[in-house]
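A, B, ... follow the sequence lines: proteins, then strands. Residue 1 opens every chain.
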Amino acid sequence: MRDLSAELLAWYDTHAREMPWRVAPADRKAGVLPDPYAVWMSEVMLQQTTVAAVRDYHRKFMTVWPTVRDLAAADDADVMAAWAGLGYYARARNLLKCARAVVADYDGVFPDTYAELLKLPGIGPYTAAAVAAIAFDRPETVVDGNVERVMARLYDIHAPLPGSKAELTARAAELTPQTRPGDYAQAVMDLGATICTPRSPACGICPWRDDCAARIAGTAAELPKKTPKKKTPTRFGIVYVARRTDGAWLLETRPETGLLGGMLGWPGSEWGDNPEPQPPFAADWRELTEEARHTFTHFHLRLKIMVARTGPATQPLRGEFLSQAKFNPTALPTAMRKVFDLASVTLRDD
DNA sequence: TAAACGTGGCG
DNA sequence: TCGCCAAGTTT
């Protein structure tokens, strides 16, 4: 069989996707490696997230916190607000923990081995391999969704994920070269993202087309197989949007753990089949005609919105009033921002 | 091992 | 409207 990794690297030399945190193959060949901090930041943001969604967030974070020491010294609330809208907020909490661990335990210098990286918060097998390979050119094997799909097709593996992950990982490891491992890691993911796509893969222009068992068998488009998922249930909730006469909004910081953990949100009921009303203070609460709808990974959410105006003396049972000047709606996670968008029509400035 | 954990784009 | 999918990690 031909040298698959060499074929892929040749393809990557002319087809590498451009990303702000990436060093082009020509420059890497000249010995230039990217800033490990920027690579780590990008890899955490890219977990289950598209490159298009990450670009602006990565630029913003690198501008506001240019080094890991800057990030480690940041206020938690500022980091959570900057992450708002990107999703999977545990990543932001772990991002801060990791930055502080790098400063405290590694003198602000990212460790350069898979084993050490794996110990850090928010860094799992994929991210440890990605940072080790991309930032330090270590021959580690990255296995993300792209690589799983590419391997399943290259070897025509029909066993369903996630059960087949170990076998796909083993196949990927066999292919990982000792030369240019950082470029190879990015190349195999780029291949999955641009050619070996989930739907209608472009097998005709694939650098591995002559080696791909699934293309030859005609099964590429139906791989990888996955075990079927349960369908998503619907939960209901009630949120309370209060505005004081001086323009302040009643908000609360959600608990550190769980859904939207550590993020700003509107006080309200638990979310379930039949939520119990829980107004944060007694008032003439008005129900909005339209409810806010949002879909999370594992359930649909429908929020009934109650609004009220109140005076300066109000002492809420939960949350605290945030002045007009301090409240930035972009600091809200999307579900809560949808509520704001609907409620602000009624509670807008007079 | 399985479930929890966001969001936006696409067919 | 709906399910699938995106450079996964944690519990």
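- The nearest whole Å value for the distance from the CG atom in A:Leu260 to the P atom in B:dG6 is 5 Å.
- Sorted by first then second residue, the side-chain hydrogen bond (donor to acceptor under 3.5 Å, both in side chains) pairs that include residues 76-87 of chain A, not counting sequence neighbours, are A:Asp76-A:Arg100.
- Using C1' as the reference atom, C:dA6 and B:dT1 are 23 Å apart when rounded to the nearest Å.
- Atom CZ of A:Arg286 has 12 or fewer heavy atoms from other residues, nucleotides or ligands within 6.0 Å.
- Side chain of A:Asn94 to backbone of A:Ala90: a donor-acceptor contact under 3.5 angstrom is found.
- Contact of A:Thr49 with B:dG6 (side chain to base): a donor-acceptor pair of N or O atoms is detected under 3.5 Å.
- When rounded to the nearest whole Å, the span between NZ of A:Lys165 and P of C:dG8 equals 9 Å.
- Residue A:Met336 is classed as having no contact, given no heavy-atom separation below 4.0 Å to the nucleic acid.
- Nearest approach of A:Ala84 to A:Leu332, heavy atoms of both residues: CB-O, 3.7 Å.
- Checking side-chain atoms of A:Lys60 against main-chain N and O of A:Ala82 turns up a donor-acceptor pair under 3.5 Å.
- For C:dA6, neither phosphate oxygen OP1 nor OP2 lies less than 4.0 angstrom from any side-chain nitrogen or oxygen of A:Tyr88.
- Whole-Å rounding puts the A:Lys226 NZ to C:dG3 P distance at 16 Å.
- The side chain of A:Arg91 has B:dG6 as its nearest neighbour among B:dG6, B:dG8, C:dC4.
- Across all strands shown, A:Gly85 has heavy atoms under 4.0 Å from sugar-phosphate atoms exclusively, and none from any base.
- In this entry the distance linking CZ of A:Arg93 with C1' of C:dT11 reads 13 Å, nearest Å.
- Between the C1' atom of C:dC4 and the NZ atom of A:Lys230 lies a distance of 18 Å, rounded to the nearest Å.
- In plain terms, the two heavy atoms of A:Leu250 and A:Gly319 that are nearest each other are CD1-C, 3.7 Å.
- If you take OH of A:Tyr57 and P of B:dG6, they are 13 Å apart, rounded to a whole angstrom.
- Ranked by how close their nearest DNA chain C nucleotide is to the 5' end, A:Pro125 and A:Thr50 are led by A:Thr50.
- For A:Arg199, whose side chain is taken as the heavy atoms from C-beta onward, the closest listed nucleotide among B:dG8, B:dG6, B:dG11 is B:dG11.
- For A:His294 and A:Phe296, the ring centers are positioned less than 6.0 Å apart.
- Dashed line: the shortest gap from a side-chain N or O of A:Gln47 to OP1 or OP2 of C:dG8 is not under 4.0 Å.
- The P atoms of C:dT1 and B:dG6 are separated by 23 Å, rounded to the nearest whole Å.
- Using a 4.0 Å heavy-atom cutoff across all strands shown, A:Ala52 reaches no nucleic acid atom at all.
- For the P atom pair drawn from C:dT9 and B:dG8, the interatomic distance equals 22 Å after rounding to whole Å.
- Residue contacts shown for A:Gly258 are limited to sugar-phosphate atoms, with no base heavy atom under 4.0 Å away.
- Computed from coordinates, the A:Leu259 CG to B:dT7 P distance equals 8 Å when rounded to whole Å.
- Classified by interplanar angle (parallel below 30°, tilted 30° to 60°, perpendicular above 60°), the ring pair A:Phe327/A:Trp266 is perpendicular.
- Rounded to whole angstrom, the span from the NZ atom of A:Lys119 across to the P atom of C:dT9 amounts to 17 Å.
- Considering only side-chain atoms of A:Thr334, the nucleotide from C:dC5, B:dG8, C:dT9 that sits closest is B:dG8.
- Within the structure, a side-chain polar atom (N or O) of A:Arg149 is placed less than 4.0 Å from OP1 or OP2 of C:dA6.
- At a non-hydrogen distance threshold of 4.0 Å, A:His294, A:Thr295, A:Phe296, A:Thr297, A:His298 from residues 293-306 of chain A come into contact with DNA chain B.
- Connection of A:Val64 to A:Val39 is established within a shared hydrophobic cluster, with ILVMFWY side chains joined at heavy-atom distances below 4.5 Å, either directly or through further cluster members.
- In this structure, A:Pro162 reaches neither bases nor backbone, as no heavy-atom distance under 4.0 Å exists between it and the strands shown.
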